[in-house]
J.: 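One structure, pasted below without further comment.
What's counted below: heavy atoms across the whole structure, side chains too, no hydrogens, waters or symmetry copies.
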Amino acid sequence: MRSLRDVKIGETAKVVKLSGEGAVRRRIMDMGITKGTELYVRKVAPLGDPVEITVRGYELSVRKADAENIEVE
């Protein structure tokens with residue numbers, strides 16, 4: 001499996017699984033990123049952190065560490 005961190009700019013990916021435990025996983029889910037959700041990668045900052053995505057019709061910036069906990073296909 002690949003993580004959200006591996007998705008290139010302009011690609012769309014579907015969430016397969018959320019890794020992480022406790023508060024980290026809960027924070028990701030509270031942002032609207034759940035299993036089956038479509039994510040579109042809009043931008044990546046020059047140093048790779050954060051990643052800007054479009055999810056459920058709104059823009060969201062996700063830290064690199066959190067993006068690695070989101071497995072996509």
J.: So which atom in Glu59 and which in Glu52 form the shortest heavy-atom distance, rounded to 0.1 Å?
T.: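 In terms of heavy atoms, the two residues are closest at CG-OE2, 3.9 Å.
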
J.: Kindly say whether Arg63 contributes a backbone atom to a donor-acceptor pair with the side chain of Asp49 at under 3.5 angstrom?
T.: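 Absent.
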
J.: For side chain to side chain contact (heavy atoms under 4.5 Å, CB included), just list the numbers for Ile33 and Ile53, CA-CA rounded to whole Å, side-chain angles, deciding distance to a tenth of an Å, and then say yes or no.
T.: CA-CA 11 Å; Ile33 302 171; Ile53 61 174; 4.0 Å; yes

J.: Cut-off 3.5 Å, no hydrogens considered: what does the side-chain donor-acceptor table look like for residues 4-14, sequence neighbours left out?
T.:
unit_1	atom_1	unit_2	atom_2	d
Asp6	OD2	Ser3	N	3.2
Glu11	OE1	Lys8	N	3.3

J.: Under a 3.5 Å cutoff, is there a donor and acceptor pairing between the side chains of Thr34 and Arg56?
T.: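 Side chains of Thr34 and Arg56: pair found under 3.5 Å.
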
J.: Would you say Met31 and Val44 are hydrophobically clustered, going by side-chain heavy atoms of ILVMFWY under 4.5 Å?
T.: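 Same cluster: Met31 reaches Val44 through Ile, Leu, Val, Met, Phe, Trp or Tyr contacts under 4.5 Å.
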
J.: Should Val55 and Val62 be regarded as members of a common hydrophobic cluster, given that ILVMFWY residues are connected when their side-chain heavy atoms come within less than 4.5 Å of each other, either directly or indirectly?
T.: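 Yes; Val62 is reachable from Val55 via cluster members.
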
J.: Quick check: is Tyr58 connected to Val51 through a chain of hydrophobic side chains (ILVMFWY, heavy atoms under 4.5 Å apart)?
T.: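 Yes, Val51 connects to Tyr58 through the hydrophobic network.
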
J.: Determine, using the 4.5 Å side-chain heavy-atom cutoff (strictly less than), whether Met1 and Leu39 are members of one ILVMFWY cluster.
T.: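 No, because Met1 and Leu39 fall into different hydrophobic clusters, even though each may have its own neighbours under 4.5 Å.
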
J.: Taking a hydrophobic cluster as the set of Ile, Leu, Val, Met, Phe, Trp and Tyr residues connected by side-chain heavy atoms closer than 4.5 Å, whether directly or through intermediates, do Met29 and Val72 fall within one such cluster?
T.: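 Both belong to a single hydrophobic cluster.
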
J.: Ignoring hydrogens and angles, write down the donor-acceptor pairs under 3.5 Å from the side chains of residues 17-27, residues two or more places apart or on other chains.
T.:
unit_1	atom_1	unit_2	atom_2	d
Ser19	OG	Glu71	OE2	3.2
Arg25	NH1	Leu18	O	2.8
Arg26	NH1	Asp30	OD1	3.4
Arg27	NH2	Asp66	OD1	3.0
Arg27	NH2	Asp66	OD2	3.0

